[in-house]
Amino acid sequence: MSLADARDVFGWVGAATAGSAGVAAVLYITARIAGMGVMLTLLPIMALLLLTLHYFTRQQDAEEAARRAAALAVEREAELALSQARQREAEQTAQHLRELERSEGRFLNAFTHASIGMALVAHDGRIHQANPALHRLLGCAAGALEGRGLIEFVDEDDRHRVTATLVGASAGAEALLPAEVSCRRDDGTEVWASLSCSLFAEQSAQGPSLILQVQDVSARHRAELELQHRASHDKLTGLANRDRFNEVLAQAIAAARDDPTQGFAVLFLDFDRFKLINDSKGHTVGDEFLVKAAQRLLRCLRRGDLLARLGGDEFAILAADLPDDGVAVDLAQRLLEALTEPLSLSSMEIATTASIGITFSSIGYTRPEDMLRDADIAMYRAKVGGKARYALFDVRLHTEVTQRVRLESDLRQALAAQGLAIAYQPLYDLADGKLTGFEALSRWIHPDLGPVSPGAFIPIAEESGLITQLTGYVLHDACAQMRRWGFDHPGAGELAVHVNVAARDLADLDFVPRVRRALATSGIAPRRLVIELTENILMAELEAAMSALKALRELGVGLAVDDFGTGYSSLAHLAVLPIDSLKIDMSFVRNLRPGSKEAAVINAIVLLAKSLGKHVIAEGIETELQLGMLRELGCDSGQGFLLSRPLMGDALDALLRQPRPYPPPPLPQPLALPRRSPLALAASR
Ligand code: C2E
Ligand code: MG
Ligand code: MG
């Protein structure tokens, strides 16, 4: 009992006892001093006092008992609440245990029957427990995975990645990306698996464990690889395609930029006669040719070289790791040599050659397309140089190309601004020297470079497609001039005008309608317009040209074969072509001398043309001797600096005002011609 409790319990009793003792002492002292009488008067007071004290004490006891009873009741209540709480807790625990058991059962079921591979992996990478799906995925018998390291199944190349993922997961790295890796089953077959893992703490284990989910993604992976392959390879030959080539080339350029000792070269290869093979033998043979040719080329490559088909019959080779430029040249020579042996196709053997252009990384390229373009330019140079050879790209070629690009853009502008002029070179009848017409020849005065020769700008116009615009312009001007001259000069009403056209013009479906429109607008008779086409156009595009030629012929327009004798037209073709004149190339006229081979050839051409009813024109007449011989040989008409240079503006008007017949020169000595048949002579050229 504490002091406070002792005071509470005995306080009043003590105080009453002490009070009573005090009163007894006072009474005793009073009785001794004042006598018993006073004592008797004090007795009732005393009795009253004691009575009060007695009641007070009883009240205190009652209060105390009530307080104790209340405390006891509270205590009992608390005990009851406690026992109820304990009971509830016990019930809840039992409930939790039951639920846990159920959930564990569910988890085990899920783990066992999951279609995706699952494993519990210890912190050291060993598999604690793996479900049947994972066993199946990795080709192992039931229970064979437990205790083995997961990494054993992963391919060498991917091991580092998987280890990093597992270590990252064990260290609690968040949001680990699923890793897709190539695995080997126990039987050695490959399976692609997507791994994802998460960390969980197992109380009994030494370190953190991982739950690993492994999904077989082989089918998707194969499909992706297939798509990737399709996107980067040529369907016909199976070689890399242009995109893939550019990709690898870009990597090579970047590597060479970082380390200039990693030199490489690009070879651009184009077969010389593929179009002919394709057109004459059909596309099936063309395709087989490309496949066989690609296989032949592949055999010449070194390890690490990449061969790609860029399209059509164009191939490119990336010759990597070049110790020096000579290695690429050797490779080009090996390729050319390999092609000297004919290719055996299923239905025939085909002999072929190719032209190769080479450019080197040492030039300092930064873009794959530039490098490929320059190799292409060099290839073109190889073609021009005679085909079946290689050519190297150099800075001179680069300057040429830059200039060409500039000329093309300037020519485009000049055409748009109608900045081209047209000169007219007179044509004369060689028998009587009369003016018969003109040849319209384009002239371009470049603002910086001065006059640019047609020999330079016509090929650019042809390649860039500007030629159709140029021809349209010349055609329109030529017809308009004829009409004007017919009005202005009485004798000019029957003169003809010759207009040169290119292969592209004939292939253009709008060409014939354009000629018709030019004639209709000018109102000149169709026979006064002569279209000149070179022999090479006719031969290369014979089929495409034929319908255009027939349509022109039907219109009544004259057709002449220009530069005759320089191309490959067989004489048999001449008979079937709807043409009415042949223009003998000036190279024959230049070397024309009595007894010369040229004299014999011109003689043969004239005889042949006459037998076919064609008109013969000679061009490039520069001397009296040439003129005389051509007349003697029977050429109908001619043009050349001796007769007149191409004229413009006032000079033309002056000529038309007084069209002087060219004085026929005295007849030369009879010609000493070799006695061979014209056809044999022509064929022996
Ligand atoms: P081409 O059609 O054979 O024209 C004759 C060329 O010979 C012209 O050269 C002419 O100036 C030149 N010539 C004429 N007589 C003589 C001569 O006695 N001696 C020499 N050495 N040359 C002579 P040009 O004007 O330089 O034209 C060259 C070629 O460019 C033309 O040859 C033609 O194929 C082409 N060409 C010119 N203008 C046009 C055009 O508007 N359209 C097309 N498609 N081609 C054109
Ligand atoms: Mg011409
Ligand atoms: Mg000509």
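In listed order, ligands and their atoms are each counted from 1.
- By the definition of a contact as any protein heavy atom under 4.0 Å away, atom 9 (O) of ligand 1 is not in contact.
- Applying the side chain to side chain donor-acceptor pair (under 3.5 Å) test to every pair with at least one member in residues 447-461, sequence neighbours left out, gives these pairs: R406-D448.
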Atom pairs and distances, side-chain donor-acceptor, residues 437-445, under 3.5 Å, sequence neighbours left out:
residue: E439; atom: OE1; partner: K583; partner atom: NZ; Å: 2.7
residue: E439; atom: OE1; partner: Q639; partner atom: NE2; Å: 2.9
residue: E439; atom: OE2; partner: N500; partner atom: ND2; Å: 2.8

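- Here the shortest heavy-atom distance to atom 12 (C) of ligand 1, taken over E622, E619, M586, belongs to M586.
- With sequence neighbours left out, the side-chain hydrogen bond (donor to acceptor under 3.5 Å, both in side chains) criterion links S611 to no other residue.
- Y365 places no side-chain N or O within 3.5 Å of a backbone atom of T359 that could act as its donor or acceptor partner.
- No side-chain N or O of T521 forms a donor-acceptor pair with one of H476 less than 3.5 Å apart.
- For atom 32 (O) of ligand 1, the nearest protein heavy atom lies 4.0 Å or farther away.
- Nearest protein heavy-atom contact of atom 36 (N) of ligand 1 is I458 CG1, 4.0 Å.
- Near the Mg ion (ligand 2), less than 2.8 Å away, sit the protein N, O or S atoms E439 OE2, N500 OD1, E532 OE1, D562 OD2.
- Using a 4.0 Å heavy-atom cutoff, R645 is absent from the residues neighbouring ligand 1.
- Neither the backbone nor the side chain of L642 comes within contact range of ligand 1; no heavy atom lies under 4.0 Å.
- Side chain of R514 to main chain of T468: a donor-acceptor pair is present (N/O by atom type, distance under 3.5 Å, no hydrogens or angles).
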